[in-house]
Amino acid sequence: MSDLHDPVLGWYDEHARDLPWRSATASAWSVMVSEFMLQQTPVARVLPVHAAWMERWPTPADLAAESTGEAVRMWGRLGYPRRALRLHAAATAIVEQHGGEVPAAYGDLLALPGIGDYTAAAIASFAFGRRHVVLDTNVRRVFARAVVGTEFPPASVTRAERDIATDLLPSDDAIAATWAVAVMELGALVCTARDPRCDACPIAERCAWLAAGRPAHDGPPRRGQAWDGTDRQCRGRIMAVLRDADGAVHRSSIEAVWPDAEQRERCLAALVADRLVVAAGPSAYALPS
DNA sequence: GACTCGTGGCG
DNA sequence: TCGCCAAGAGT
């Protein structure tokens, strides 16, 4: 299995994108901000927001000193704005519990809001060069194809996947960290979900899926995410109104973007419960101050 | 495990 | 056109 290392590492050395959070001078905070923003969000959309964010809040303390509403506003249209809330909460915890420095230990990272197994391993690995299994959707797809021989990984992370990733993880910390980002990059650029570029793949000769003739996914159909008319669409409309306003907005402005009163009120209440929105008077709402 | 939670680009 | 998908986490 370890004969995958050299080709992947060599390919990465030649083809890695020059992303800001990968620069030699990038801070751990920059890496952490990028990981929050990249959760379920493509790199191209993260780039400008990450740059603006780091310009305005170069350290965790800078963000922690701001209101959560400003964090949500700066988050812009990245989606899943609760991530902005969690990033703000994580920055606050870093100031209060870690002297303002992003912790390097996986366990300390995992304890922060908005950080799960993937993000904790990613920050420890990418920002601090530590040896961790970094299992994201890209890595899972690469291993599913190259090692298992299936087009896609299971719906949720399995023990078998973790075992494969653990077996393949180089023993040296620094090499393991590069390996982690290299496999992820291979999944993002070559071993893509749709239309993979096997002709450009450094491990094509060792890929079980390619050797099997690229068999199509046969498991249960992977259900897509409904959107039209959902609460998420409704919440998004409401958040857009509040983001684009200077201060509080009258409820009539919110009513204008979602005709279904029952759903609108339910979503508004949920947004308030989530602390993404606060009531600003009897019939006005705003981002939290 | 199954659901929920935004947004927009691409084939 | 429209379904699929993008460096997941929390409940």
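Convention: sequence-line order gives letters A, B, ...; per-chain numbering from 1.
Residues from residues 68-92 of chain A placing a heavy atom under 4.0 Å of any atom in DNA chain C, listed by number, are A:R86. Taken residue by residue, residues 14-23 of chain A places heavy atoms nearer than 4.0 Å to DNA chain C at A:R17, A:L19, A:W21, A:R22. Within residues 185-203 of chain A, the residues that have a heavy atom under 4.0 Å from DNA chain C are, in order of number, A:A188, A:A193, A:R194. Taken residue by residue, residues 232-270 of chain A places heavy atoms nearer than 4.0 Å to DNA chain B at A:R232, A:R235, A:G236, A:R243. The stretch residues 57-64 of chain A has no heavy atom under 4.0 Å from DNA chain C, so no residue of it qualifies as close. Looking at residues 105-121 of chain A, you'll see A:P113, A:G114, A:I115, A:G116, A:D117, A:Y118, A:T119 sit with a heavy atom under 4.0 Å from some atom of DNA chain C.
Looking at every heavy atom in both residues, A:M184 comes nearest to A:V134 through CE-CG1, 3.5 Å. Nearest heavy atom pair, residue A:H88 against residue A:A64, reads NE2-O, 3.9 Å. Here the closest non-hydrogen pair linking A:G69 and A:L287 is O-CD1, 3.6 Å. Minimum interatomic distance between A:C198 and A:W209 (heavy atoms only, all atoms of both residues): SG-CZ3, 4.4 Å.
Put simply, chain A comes within 4.0 Å of DNA chain B, heavy atom to any atom, from B:dC3 to B:dC10, going 5' to 3'. On the nucleic acid side, DNA chain C contacts chain A at distances under 4.0 Å to non-hydrogen atoms, with the end points of that region at C:dG3 to C:dG10.
Proximity of a side-chain donor or acceptor of A:H250 to a complementary backbone N or O of A:S252 within less than 3.5 Å is detected.
Using a 4.0 Å cut-off between charged nitrogen and carboxylate oxygen, A:R131 and A:D172 do not count as a salt-bridge pair. At a threshold of 4.0 Å, the pair A:R56-A:E66 counts as salt-bridged, since one of the basic side-chain nitrogens sits closer than that to a carboxylate oxygen.
Under the rule for a side chain to side chain contact (heavy atoms under 4.5 Å, CB included), the partners of A:P42 that lie at least two apart in sequence or sit in another chain are A:R45. Partners of A:F128 according to the ring pair (Phe, Tyr, Trp, His ring centres under 6.0 Å) rule, which considers only residues two or more places apart in sequence or in another chain, do not exist here.
A donor atom on one side chain and an acceptor atom on the other are found under 3.5 Å apart for A:R83 and A:T41. Using a 3.5 Å distance cut-off with no hydrogens or angles, the side chains of A:Q39 and A:Y118 do not pair a donor with an acceptor. With 3.5 Å as the limit, one finds a donor-acceptor pair spanning the side chains of A:W258 and A:Q263. Side chains of A:Y285 and A:R251: a donor on one and an acceptor on the other come within 3.5 Å. Side-chain contact of A:T166 with A:D163: a donor-acceptor pair under 3.5 Å is absent, judged by distance alone.
Rounded to the nearest 0.5 Å, atoms CG (A:D136) and OG1 (A:T119) are 9.5 Å apart. To the nearest 0.5 angstrom, A:R141 atom CZ is 5.0 Å from A:N138 atom CG. Remark: A:C191 SG to A:I203 CD1 distance equals 7.0 Å, nearest 0.5 Å. Atom CG of A:D108 and atom CD1 of A:I123 lie 11.5 Å apart (nearest 0.5 Å). In this structure, A:W53 CH2 and A:D62 CG are separated by 12.0 Å, a value rounded to the nearest 0.5 Å.
Ranked by how close their nearest DNA chain B nucleotide is to the 5' end, A:A155 and A:T41 are led by A:A155.
Across all strands, A:S156 comes closer than 4.0 Å to no nucleic acid atom at all (heavy-atom distances). Among the heavy atoms of the strands lying under 4.0 Å from A:T137 are primed sugar atoms or P, OP1, OP2 only; no base atom is included.
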Using distance only, find each side-chain donor-acceptor pair of residues 72-81 of chain A under 3.5 Å and give its atom names and separation, not counting sequence neighbours.
residue, atom, partner, partner atom, Å
A:R73, NE, A:E70, OE2, 3.2
A:R73, NH1, A:R243, O, 2.7
A:R73, NH1, A:A245, O, 2.8
A:W75, NE1, A:G79, O, 2.8
A:Y80, OH, A:R232, NH2, 3.3

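Comparing the P positions of B:dG8 and C:dA9 gives an interatomic distance of 23 Å, to the nearest angstrom. Spacing between C:dA7 and B:dT4 at atom P, rounded to whole Å, works out to 23 Å.
Residue pairs meeting the salt bridge (charged side-chain N to carboxylate O under 4.0 Å, His left out) criterion with at least one member in residues 10-27 of chain A, sequence neighbours excluded: A:R17-A:E185, A:R22-A:E185.
Because its NZ or CZ atom is both nearer than 6.0 Å to the ring centre of A:F152 and within 45° of the ring axis, A:R145 counts as a cation-pi partner of that residue.
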- Going through the distances and angles, do A:I238 and A:C267 end up as a side-chain contact (heavy atoms from CB on, under 4.5 Å)? CA-CA 9 Å; A:I238 295 171; A:C267 288; 4.2 Å; yes
